[in-house]
Amino acid sequence: MRVRLGYVAIAMKLPNVTSSSQLTYTRYKKMVLEEERLNELKRVTRSNMEDLYKILLYNAKNNIHFYRITSKLVPLATHPEVTNWEYRTYFKQDLKRIGELVKKHGMRVDTHPDHFNVLNSIRKDVVEKTKKELLLHYYLFEDMKYPEGKMVIHIGSGQGGKREAIERFIKNFHTLHHEISSRLIIENDDKLFTAKEILGVCKEIKVPMVLDVHHHLCNSGDIPIEEIIPGFLETWNGQYFPPKIHISSPKEGGKDRKHADYIVANDFITFLEKCKPYGRNLDVMIEAKQKDLALYGLVRDIKSLRPNLKWIDETTIEI
DNA sequence: ACCTGTCAAGTCTGG
DNA sequence: CCAGACTTGACAGGT
């Protein structure tokens, strides 16, 4: 069983490099000239594209094979009042180059549309906005020429009770174009929808599940994780990439939903031992405040706790 | 150089 | 029914 480690969006080791630079609508509105607005949009986006490339190069150099691209790559891309922002026409080449780098190094990259994307909202305008945002993520992968790209979402709202909320989710899921729905993967959350509930939905609509171990700790519905693991793994049958896990450690211990700076290695090893009998490869996304530094810290701590474990490279465990 | 407030979004809770 | 909490990194403005 091969386990690859990844991290989210920011490379702490690269100072002054960020692919999430912003142009807020407030600042955009303050600019009077149309030309000035467009120039600023292009300047910020270009900077994000260049820095994303730097981050991916850095990942390749450090044998990091798994990475989440920021959802803030293109500022105001789906803003309802910014209708003439044809970002795709300006940045096709940049994204193609990014995609080529990803493929050259056999990396896996994902996205995670922000939490205000609620596919099952009771508000029609929210559902429409969400669809627009999912379309943006689909375009990113398209322009990268990266058909394997997936985007992680949650079920979303619990309005009307969980059953109704799940029904709304499934109904709206089926209104999506196949190009988009086939790229979605669904994650259990830390307050509302448990891993077992997500597994039920994923089985029903035949979508891979993302198992967030920390969320399960906070919101397990009294189901032991051992009962989730086999079903979760099965949702990835026939997929190009291995099953995907999210890990983080509670900041103040216990069931604290806040993410700590680093990962408690022992808890992670315990989890891996539970997966081991199934012999499936795994890709593990580290969601810690210290990002790539937390990844290096986890590698160091695993090596110290389990000195006999085999490593395929700096970030890939053979267990 | 550092600290604080603002921005942006949708949901949910408390009053 | 409405205000505030929640979340998160970037950025602006003040000291």
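Lettering of chains follows the sequences in order, A, B, ..., and the numbering in each one begins at 1.
Residues Y25(A) and L76(A) share a closest heavy-atom pair of N-CD2, 3.9 Å. Annotation for L119(A) and N172(A): closest pair O-ND2, 2.7 Å, computed over non-hydrogen atoms.
Whole-Å rounding puts the H112(A) NE2 to dT8(C) C1' distance at 13 Å. The nearest whole Å value for the distance from the CG atom in L23(A) to the P atom in dC11(C) is 10 Å. Residue Q22(A) contributes atom CD, which lies 14 Å from atom C1' of dT7(C) at whole-angstrom precision. Between the P atom of dT8(C) and the NZ atom of K251(A) lies a distance of 10 Å, rounded to the nearest Å. If you measure from atom CD of E287(A) to atom P of dT8(C), you get 10 Å, rounded to the nearest angstrom. What separates OH of Y25(A) from P of dA12(C) is a distance of 18 Å, to the nearest Å. Rounding to whole angstrom units, CE of residue M12(A) and C1' of dT8(C) are separated by 13 Å. Remark: C1' of dA10(C) and CG of N16(A) are 13 Å apart, rounded to the nearest angstrom.
Of the residues near DNA chain C, K30(A) and S19(A), the one whose nearest nucleotide (by heavy atom distance) lies more toward the 5' end is S19(A).
Between the side chain of R108(A) and the backbone N or O of P242(A) there is at least one donor-acceptor pair closer than 3.5 Å.
In this structure, the nucleotide among dT7(C), dA10(C), dA12(C) sitting nearest to the side chain of R257(A) is dT7(C).
For K131(A), the NZ atom counts as densely surrounded, since its 6.0 Å shell holds more than 12 non-hydrogen atoms of other residues, nucleotides or ligands. Residue K206(A) qualifies as open at atom NZ: its count of foreign heavy atoms under 6.0 Å is 12 or below.
For the residue pair N237(A) and R280(A), a side-chain donor N or O sits within less than 3.5 Å of a side-chain acceptor on the partner.
Think of the region where chain A sits on DNA chain B: with heavy atoms and a 4.0 Å cut, that region ends 5' and 3' at dC7(B) to dC12(B).
In terms of phosphate contacts, S21(A) brings a side-chain nitrogen or oxygen within less than 4.0 Å of OP1 or OP2 of dC11(C). Checking the phosphate oxygens (OP1, OP2) of dG9(C), no side-chain nitrogen or oxygen of S20(A) falls inside 4.0 Å. Put simply, K289(A) has a side-chain N or O that comes within less than 4.0 Å of OP1 or OP2 on dT8(C). Proximity of R27(A) to the phosphate of dA12(C): a side-chain N or O atom is located under 4.0 Å from OP1 or OP2.
Within the nucleic acid shown, L192(A) comes within 4.0 Å of sugar-phosphate atoms alone, with no base atom in reach, counting heavy atoms only. K258(A) comes within 4.0 angstrom of the backbone, heavy atoms only, and of no base. Residue contacts shown for K129(A) are limited to sugar-phosphate atoms, with no base heavy atom under 4.0 Å away. The residue T70(A) sits apart from the nucleic acid: no heavy atom pair falls under 4.0 Å. Counting non-hydrogen atoms under 4.0 angstrom, G156(A) reaches nothing in the nucleic acid.
Classified by interplanar angle (parallel below 30°, tilted 30° to 60°, perpendicular above 60°), the ring pair F241(A)/Y146(A) is tilted.
Side-chain contact between K145(A) and K103(A) is present, with heavy atoms from C-beta onward closer than 4.5 Å.
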